[in-house]
Amino acid sequence: MSAAVPVAVLTAAVLHAVWNGLAHRIQDKLVGFALINLAYTACAVVLVLLFPFPAAGAWPYLLASVAMQVASQLLLLRAYQLGDFGQMYPIARGSAPVLVAVLSVTLLGETPGVGELLGVAVISCGLVGLALAHGVPGRAQLPALAAAAGTGVMIAAYTVSDGGGVRQAGTVGGYVAWLFLLQGPVLALIARARRGRGLLAGAGPAVPFGLAGGVLSLAAYGLVVWAQSRGNLATVAALRETSIVVAALIATVVFRERLGRLRMAASATVLAGIAVLELAHP
């Protein structure tokens, strides 16, 4: 794995945390996610004209990923409606690396080395610490936790699907462009069906945040899919989840949520796991 791969994934992690922070900042989460989807749908219209059409072998993966991406956004939207950013984001993202490691071995036949497995394990421990930094959640939080955990399952599933699909596509740019072009209108139409024509009424202050979130989302995903075409899937997935460290800072600085010693220690554990992954790929 070349040095460009971890750099691309870590950049994507920062962009991902930022766009999620923008989405959470918008008071009406349904409006926020609709704007985000409209933004990267518009970008995708341009991109499909610039990149080659994905090969036929990639389409089963691509269509499956579209369905799982839509499901993950609906679940994440619900989690953000019910819970705090600093808790929902790490639970949604933190469950993915272990699931991806298992799925990449069982479905794609990848064989991660000892160093990779150790790195994934250390990162996962840190992510669990981040998720539980304020103690074991109570019963009232179960719906929010279920939505966040369901998001993590969808993230793991579409990560594996994209890992196989992009290698069949013959074009990273074309794969990402069609993925977003097909995915974006679905959630926007679901939002319109729930609210009707008045969906974006009074959304003026949220528009720049939503549109910026959509552009950042597309850029982040494009970097990850590119990395998946060149690096070990479990390693890329684990590095990608370092966005939780960035999200912890956003939660503290922007949303004024308490960081605390446990969350700081958990963040350090995540960084230690990254170091282990890097040593596994000298």
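Hydrogens, waters and symmetry mates are skipped; everything else that's a heavy atom, side chains included, is used. Quantities reported herein were computed from a predicted structural model and do not represent experimental measurements.
- Between the CG atom of L22 and the CD1 atom of I36 there is a distance of 7.0 Å, given to the nearest 0.5 Å.
- How far OH of Y40 is from CG of L187: 6.5 Å, rounded to the nearest 0.5 Å.
- Shortest non-hydrogen contact noted between S65 and Y158 is OG-CB, 3.7 Å.
- Annotation: side chain of L182 is in contact with side chain of L63 (closest heavy-atom distance under 4.5 Å).
- A continuous path of Ile, Leu, Val, Met, Phe, Trp and Tyr side chains, each step under 4.5 Å between heavy atoms, connects V153 with Y89, placing both in one hydrophobic cluster.
- Note on L142: it clusters hydrophobically with L77, by side-chain heavy-atom contacts below 4.5 Å among ILVMFWY residues.
- Residues satisfying the side-chain hydrogen bond (donor to acceptor under 3.5 Å, both in side chains) criterion with Q81, sequence neighbours excluded, are R78.
- The aromatic rings of W19 and H16 sit perpendicular, their planes meeting at an angle over 60°, well past the 30° parallel limit.
- The shortest distance between side-chain heavy atoms of C43 and F180 does not fall below 4.5 Å.
- The two residues A144 and A79 have their closest heavy-atom pair at O-CB, 4.1 Å.
- Taking each heavy atom of V172 and S229 in turn, the nearest pair found is CG2-OG, 3.7 Å.
- Remark: S217 pairs with no residue by the side-chain hydrogen bond (donor to acceptor under 3.5 Å, both in side chains) rule, at least two apart or across chains.
- Counting heavy atoms from C-beta outward, M154 and Q69 have side chains that stay 4.5 Å or more apart.
- A157 and M68 make their closest contact through CB-SD, 3.2 Å (heavy atoms, listed as atom of the first residue, atom of the second, distance).
- Interatomic distance, W178 CH2 to W59 CH2, rounded to the nearest 0.5 Å: 5.0 Å.
- Distance CG/L76 to CD1/I91: 11.5 Å, rounded to 0.5 Å.
- Between I250 and F85 the shortest heavy-atom distance is CG2-CE2, 4.0 Å.
- In this structure, L62 CG and Q183 CD are separated by 10.0 Å, a value rounded to the nearest 0.5 Å.
- Under the side-chain hydrogen bond (donor to acceptor under 3.5 Å, both in side chains) criterion, Y80 pairs with N20, sequence neighbours left out.
- By the criterion of side-chain heavy atoms lying less than 4.5 angstrom apart, applied directly or through intervening Ile, Leu, Val, Met, Phe, Trp or Tyr residues, V186 is grouped together with V45 in one hydrophobic cluster.
- When the side chains of ILVMFWY residues are joined at heavy-atom separations under 4.5 Å, either directly or via intervening members, L216 and V253 end up in two distinct hydrophobic clusters.
- Between V122 and T269 there is a side-chain heavy-atom pair separated by less than 4.5 Å.
- Counting only distance, with no hydrogens or angles, the side chain of R167 and the backbone of G163 share a donor-acceptor pair below 3.5 Å.
- Residues V215 and L50 do not share a hydrophobic cluster, clusters being chains of Ile/Leu/Val/Met/Phe/Trp/Tyr side chains in contact below 4.5 Å.
- Annotation: the span from R25 atom CZ to F255 atom CZ amounts to 7.5 Å, rounded to 0.5 Å.
- Considering only heavy atoms from C-beta on, T151 stays 4.5 Å or farther from Q73 through its side chain.
- What you find for A12 and V224 is that their closest heavy atoms are CB-CG2, 3.6 Å.
- Listed for the S161 side chain is a donor-acceptor partner under 3.5 Å among the backbone atoms of Y61.
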